[in-house]
Amino acid sequence: MEMLTLSHVAKSFGSKQVLRDVSFSVPEHTVFGFVGQNGAGKTTAMKLILGLLDADGGEISVNGRPVRYGNTPTNQYVGYLPDVPEFYDYMTPEEYLCFCGEIAGMPKGERKSRSRELLRLVGLEQDNRRIKGFSRGMKQRLGIAQALFCRPRLLICDEPTSALDPVGRRELLDILVNVKEQTTVLFSTHILSDVEHICDEIAFLHEGNIVLQGPLEKVRRKRRDTGVELELARTEEVKFLLSEFPFLELSGSNRILLKEAKKLPDVLRLIADRNLAILRLERQEAALEDLFLEVVGK
Ligand SMILES: Nc1ncnc2c1ncn2[C@@H]1O[C@H](COP(=O)(O)OP(=O)(O)OP(=O)(O)O)[C@@H](O)[C@H]1O
Ligand SMILES: [Mg+2]
């Protein structure tokens with residue numbers, strides 16, 4: 001089932017059209033990466049999903065129900081971590097989460113046990129100091145705990161890893177993967193290695209349109225040419241191949257890169273004819289980053 005669907009969504013601010021025709025669906029229990037450059041419109045799209053902005057056109061549904069601007073029963077299914085989460089920083093994390101539970105109308109005993117459960121999930125159960133002294137990574141993790149408090153069916157995180165160091169990022173990504181059992185995760189980012197690490201599906205937003213989308217593996221395969229690397233046993237054989245085929249490139253000691261995979265049979269034929277010794281032949285994995293640059297025309 002689709003937890004979130006956007007269909008032909010458009011949004012302008014004055015004469016600036018930020019979203020032109022945005023359509024994508026997020027299947028239940030996936031981690032979905034919403035990718036785009038700075039200013040692409042990721043936060044705008046998230047605010048539309050939360051009914052905080054009024055779309056100019058198109059439809060959005062959460063858990064099968066339509067989202068309406070300013071009248072948002074669909075938000076009962078959603079937990080939201082904004083790009084810069086704000087807390088009452090004189091509170092401890094447990095006090096803060098209990099306070100959120102109180103606002104949500106949860107009975108006292110339940111809000112305490114739920115707070116502890118969530119602090120354990122995000123690795124903050126030992127931190128009893130005030131939020132004021134928290135690092136950015138700790139604040140993001142607390143923000144996830146808060147967003148998960150009322151057991152949302154959809155967790156929306158706006159660039160949760162952007163300001164974090166590699167360790168903080170890894171910890172946060174691990175949490176997102178862990179929670180997909182209990183919810184569905186939509187997170188925005190421009191950090192493509194994060195996407196490669198944890199996403200099941202992605203959508204690339206560029207100039208107001210979704211230019212690429214689908215399961216990560218399928219999107220990767222869309223790259224026109226992935227290239228092949230060959231490693232040979234002897235340097236003279238490498239030199240021989242380079243002289244025979246000008247399109248080959250030396251990529252390391254006794255290693256040759258063939259960028260146009262369709263020419264591989266020609267190369268292999270000559271290798272077989274001359275009885276050359278191949279140590280390794282490997283298809284190069286297309287980095288998402290290359291694909292992204294290709295798509296945005298850089
Ligand atoms: N309330 C607003 N009024 C006018 N313009 C806005 C408003 N909100 C966003 N914009 C413009 O819309 C464009 C998209 O902004 P948005 O914040 O959605 O991008 P983003 O993809 O989240 O970027 P970032 O990666 O920097 O967070 C930007 O050019 C921004 O200046
Ligand atoms: Mg943003």
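Both ligands and their constituent atoms are indexed starting at 1 by order of listing. Numbering starts at 1 and runs along the sequence shown. Just the heavy atoms: all of them, side chains too, but no hydrogens, waters or symmetry mates, feed the values below.
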Please state which protein non-hydrogen atom is closest to [atom] and give its distance, to 0.1 Å?
atom                    : answer
atom 12 (O) of ligand 1 : V18 CG2, 3.2 Å
atom 14 (C) of ligand 1 : G39 O, 3.3 Å
atom 27 (O) of ligand 1 : E159 OE2, 3.6 Å
atom 19 (O) of ligand 1 : G41 N, 3.2 Å
atom 31 (O) of ligand 1 : K16 CE, 4.7 Å
atom 16 (P) of ligand 1 : T44 OG1, 3.6 Å

Should [X] be listed as contacting ligand 1, given a heavy-atom distance under 4.0 Å as the test?
X    : value
A40  : yes
H190 : no
M46  : no
Q37  : yes

Query raised in the report: Where on N38 is there a heavy atom closer than 4.0 Å to ligand 1, on the side chain, on the backbone, on both, or on neither?
Result: both
Requested in this report: Tell me whether the centres of the aromatic rings in F32 and F187 are closer together than 6.0 Å.
Outcome: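 No.
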Query raised in the report: What do you reckon, are the aromatic ring centroids of F87 and F134 less than 6.0 Å apart?
Result: no
Minimum-distance pair of heavy atoms, taken over all atoms of [X] and [Y]:
X    : Y    : value
G36  : K42  : O-NZ, 2.9 Å
A277 : R234 : CB-NH2, 4.2 Å
L164 : R169 : O-CD, 3.5 Å

Query raised in the report: Pick from R129, K112, R130: which one makes a salt bridge (charged side-chain N to carboxylate O under 4.0 Å, His left out) with E94?
Result: K112
Query raised in the report: If only atom types and distance count, is the side chain of K11 paired as donor or acceptor with the main-chain N or O of D54 below 3.5 Å?
Result: yes
Query raised in the report: With no hydrogens and no angle check, is any side-chain donor or acceptor of T74 less than 3.5 Å from a backbone partner on V62?
Result: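 Checking the backbone N and O of V62 against the side chain of T74, no donor-acceptor pair under 3.5 Å is found.
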Query - Heavy-atom neighbours of K47 NZ exceed 12 at 6.0 Å - result: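 12 or below, so no.
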Query raised in the report: So, do F245 and K263 sit near enough that their side-chain heavy atoms are less than 4.5 Å apart?
Result: no
Query raised in the report: Considering distance alone, does some N or O of D83 sit under 3.5 Å from an N or O of ligand 1?
Result: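 There is no such contact.
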**Report entry** Any N/O pair F13/ligand 1 closer than 3.5 Å
**Finding:** no
**Report entry** Geometric class of the F24/F34 ring pair [parallel <30°, tilted 30-60°, perpendicular >60°]
**Finding:** tilted
**Report entry** Distance flag for atom 21 (O) of ligand 1, protein heavy atom under 4.0 Å
**Finding:**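 Answer yes: something from the protein, a heavy atom, is under 4.0 Å.
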Report task. Apply the test side chain to side chain donor-acceptor pair (under 3.5 Å) to residues N128 and T92: give CA-CA distance (whole Å), side-chain angles for both, the deciding distance (0.1 Å), then the verdict. Result -> CA-CA 6 Å; N128 308 320; T92 66; over 6 Å; no
Query raised in the report: For ligand 1, which atoms sit closer than 4.0 Å to a heavy atom of T43?
Result: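 Matching atoms, with element in brackets: 17 (O), 18 (O), 20 (P), 22 (O), 27 (O).
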Report task. Dump the intermediate steps for side chain to side chain donor-acceptor pair (under 3.5 Å) on Q182 and H29, then the final yes or no. Result -> CA-CA 7 Å; Q182 25 176 311; H29 296 300; over 6 Å; no
Requested in this report: Report the protein N/O/S neighbours of the Mg ion (ligand 2) that fall below 2.8 Å; do not count waters.
Outcome: T43 OG1
